[in-house]
There are 2 protein chains.
Amino acid sequence: MKTIDTPPRPVRGRPRSFNREEALRRAMEVFWRKGYDDASLGDLTTAMGINPPSLYAAFGDKEALYVEALRHYLDEKACRETFWADVPTARAAVEGLLLHSAKTLPGASAGCMLVMSGLNTSSSKVRKAAIACRANAESILKKRIERGIREGELPAGTDAGALAKFYETVLQGLSIQAADGASPKSLQAVVANAMRAWPERSKRRRST
Amino acid sequence: MKTIDTPPRPVRGRPRSFNREEALRRAMEVFWRKGYDDASLGDLTTAMGINPPSLYAAFGDKEALYVEALRHYLDEKACRETFWADVPTARAAVEGLLLHSAKTLPGASAGCMLVMSGLNTSSSKVRKAAIACRANAESILKKRIERGIREGELPAGTDAGALAKFYETVLQGLSIQAADGASPKSLQAVVANAMRAWPERSKRRRST
DNA sequence: TTTATTATGTAGTGTACGATACAGATTGTT
DNA sequence: AACAATCTGTATCGTACACTACATAATAAA
């Protein structure tokens with residue numbers, strides 16, 4: 001799902017000399033690695049291969065560039081719908097999501113960009129955008145769990161919202177653990193523990 | 001446990017005109033609320049009621065002041081040993097810790113200072129100190145769990161390190177959830193889910 | 001060819017920040 | 001009383017930052 005569509009190419013004037021998508025991708029990597037505040041315009045323009053006026057003409061300002069980079073991150077790196085395309089059960093979807101994080105986050109030196117966004121950040125615009133994106137991610141997780149309930153995979157009385165929030169909480173904690181230097185193996189053990197909280201389908205308990 | 005002892009009072013010279021402990025406490029509150037980078041020296045000196053030279057004479061520099069403020073936070077707000085003084089079981093200790101966070105964090109507008117420290121921060125000194133403090137907190141949790149294993153509360157084969165890391169991960173996720181505006185009630189539901197992963201003492205399973 | 005429009009590179013602007021120089025104030029020591 | 005030592009308030013310093021003014025280049029339309 002494209003969240004922001006590229007404005008239609010202007011018909012007149014000097015054409016842009018750089019690839020906007022590619023520049024955005026590089027900006028995303030800088031923001032991901034250094035965070036919003038610590039990524040200076042110099043860092044960004046160097047990585048993007050352009051000068052400040054081009055950046056401002058194409059993206060607005062630093063805040064807008066960050067928000068767009070975060071959206072790009074979600075589409076490219078963390079799109080749950082596509083990640084879950086062929087996963088049959090909610091349990092496998094959640095476990096796969098957590099394990100994916102456990103395996104890949106220790107490589108990214110700064111955790112998950114979505115999780116880290118807006119924390120300790122001066123820009124309230126960035127903070128609000130990050131909160132909204134995380135809420136959206138949680139709602140996607142919730143919907144997958146609700147589907148599991150509808151399909152009989154989970155007990156009928158399961159609180160999908162609370163369960164989604166729990167696994168989202170674990171996911172967010174994993175990023176901090178990864179940023180602190182935890183190994184993939186230790187994070188996988190964390191995931192294994194988290195999955196022990198998964199509501200089993202009536203292992204011999206009255207269901208009302 | 002005092003981690004840093006106040007240097008002995010110099011015998012000569014003009015005496016300090018402010019209370020160092022009280023100034024440190026106020027600096028801690030500013031850092032807690034705004035984070036390391038976003039707390040300016042102006043914010044700090046205003047809250048502390050002193051001028052920059054006094055700050056530098058008493059605390060070194062901004063980084064050293066932050067590290068000391070973080071230690072103060074641990075002693076005052078988050079000392080697990082004293083928090084667990086009268087808690088008989090490891091399970092109650094962990095659950096109490098999580099519930100305490102679930103109830104109090106939504107009030108603090110920026111989550112737990114220990115958890116948020118060093119994230120998206122320019123100072124590597126602050127980052128390293130934060131990582132060390134979190135590792136220490138996790139080891140305290142691990143020791144409490146190991147005691148539970150020794151005392152027969154937990155199954156003999158339990159991996160204390162993995163279990164401690166799991167609950168520390170949840171604790172860290174709770175701070176992000178709180179910073180995102182989650183209510184105490186919803187966080188308590190997260191805690192309830194997390195406690196479902198607690199290893200029960202052989203509810204009819206072979207214990208080797 | 002001329003004109004309008006948009007992008008580019010150079011070279012800055014203003015500002016906020018962390019940190020400090022300095023002179024004067026306040027103490028203990030001799 | 002004279003001196004040494006330490007702290008305090010004022011008034012900065014140098015720097016890094018986000019951002020932009022401006023002249024010029026490159027394109028499409030007239």
Side-chain angles (χ1 to χ4, degrees), chain A residues 6-24 26-27 30-31 33-69 118 120-127 129, chain B residues 6-24 26-27 30-31 33-69 118 120-127 129:
Chain A
T6 309
R9 210 60 202 286
V11 279
R12 305 221 309 219
R14 181 174 177 173
R16 186 177 286 135
S17 66
F18 61 95
N19 184 325
R20 193 180 187 279
E21 290 261 344
E22 173 66 14
L24 178 60
R26 296 195 188 169
V30 172
F31 277 134
R33 184 158 24 91
K34 311 189 86 166
Y36 174 76
D37 286 286
D38 201 39
S40 71
L41 271 180
D43 296 331
L44 292 166
T45 53
T46 299
M48 299 163 86
I50 60 178
N51 291 309
S54 299
L55 189 155
Y56 281 84
F59 298 102
D61 62 359
K62 195 188 174 187
E63 287 179 326
L65 175 59
Y66 186 90
V67 172
E68 203 170 336
N120 291 320
T121 292
S122 59
S123 161
S124 68
K125 212 173 280 187
V126 167
R127 200 160 43 240
Chain B
T6 309
R9 210 57 203 287
V11 279
R12 307 224 303 223
R14 179 173 176 174
R16 187 178 285 134
S17 66
F18 61 95
N19 184 325
R20 193 181 187 279
E21 290 261 344
E22 173 65 14
L24 178 60
R26 295 194 190 171
V30 173
F31 277 135
R33 183 156 26 87
K34 311 188 87 166
Y36 175 76
D37 287 285
D38 202 39
S40 71
L41 272 181
D43 296 330
L44 292 166
T45 53
T46 299
M48 299 163 86
I50 61 178
N51 290 310
S54 300
L55 189 155
Y56 281 84
F59 298 101
D61 62 0
K62 194 189 175 188
E63 287 180 326
L65 175 59
Y66 186 89
V67 172
E68 203 170 337
N120 290 323
T121 293
S122 59
S123 162
S124 67
K125 214 173 277 187
V126 167
R127 198 159 45 239

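It should be emphasised that the depicted structure is a prediction, and the values quoted were computed from it without experimental measurement.
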Worksheet item: So, N51(B) side chain and S54(B) main chain: donor-acceptor pair closer than 3.5 Å or not?
Response: no
Practice prompt. Evaluate the ring planes of Y36(A) and F31(A), with Trp represented by its six-membered ring, and classify them as parallel (under 30°), tilted (30 to 60°) or perpendicular (over 60°).
Written response: parallel
Item to complete: Determine, step by step, whether D43(B) and S40(B) satisfy the side-chain hydrogen bond (donor to acceptor under 3.5 Å, both in side chains) criterion, reporting the C-alpha distance in whole Å, the side-chain angles of both residues, the deciding distance to 0.1 Å, and the verdict.
Response: CA-CA 5 Å; D43(B) 296 330; S40(B) 71; 3.2 Å; yes
Discussion item. Between S54(B) and dC7(D), is there a contact of a side-chain N or O with OP1 or OP2 at under 4.0 Å?
Written reply: no
Worksheet item: Which nucleotide sits closest to the side chain of R16(B): dC17(D), dT8(D), dT5(C)?
Response: dT8(D)
Worksheet item: Given atom CE of M48(A) and atom P of dA18(D), what is their separation to the nearest angstrom?
Response: 13 Å
Worksheet item: Do you know which two heavy atoms are closest between L44(B) and A39(B), and how far apart they sit?
Response: CD1-O, 4.4 Å
Using a cutoff of under 3.5 Å, can you pull out all pairs of nitrogen or oxygen atoms linking the protein to nucleotides 20-26 of chain D, with atom names and distances?
{"unit_1": "dA25(D)", "atom_1": "N3", "unit_2": "R14(A)", "atom_2": "NH1", "d": "3.3"}

Worksheet entry | Atom pair distance, as rounded to whole Å: CZ in R20(A) and C1' in dA7(C) | 14 Å
Worksheet entry | Phosphate-side-chain proximity, S17(A) and dA7(C), N/O vs OP1/OP2 below 4.0 Å | no
Worksheet entry | Whole-Å gap separating C1' (dA18(D)) and CZ (F59(A)) | 17 Å
Item to complete: Round to the nearest Å and state the distance from K62(A) atom NZ to dA16(D) atom C1'.
Response: 11 Å
Discussion item. Starting the side chain at C-beta, find the nucleotide from dC19(D), dA19(C), dG9(C) nearest to N51(A).
Written reply: dG9(C)
Worksheet item: Whole Å only: how far is the CG atom of L41(B) from the P atom of dA11(D)?
Response: 18 Å
Discussion item. So, taking the atom named NZ in K62(B) and the one named CG in L65(B), what distance separates them when rounded to the nearest 0.5 Å?
Written reply: 9.5 Å
Fill in: Check: T121(A) main-chain N/O paired with N120(B) side-chain donor or acceptor under 3.5 Å
no
Worksheet entry | Protein-nucleotide distance (R12(A), atom CZ; dA29(D), atom P), rounded to Å | 7 Å
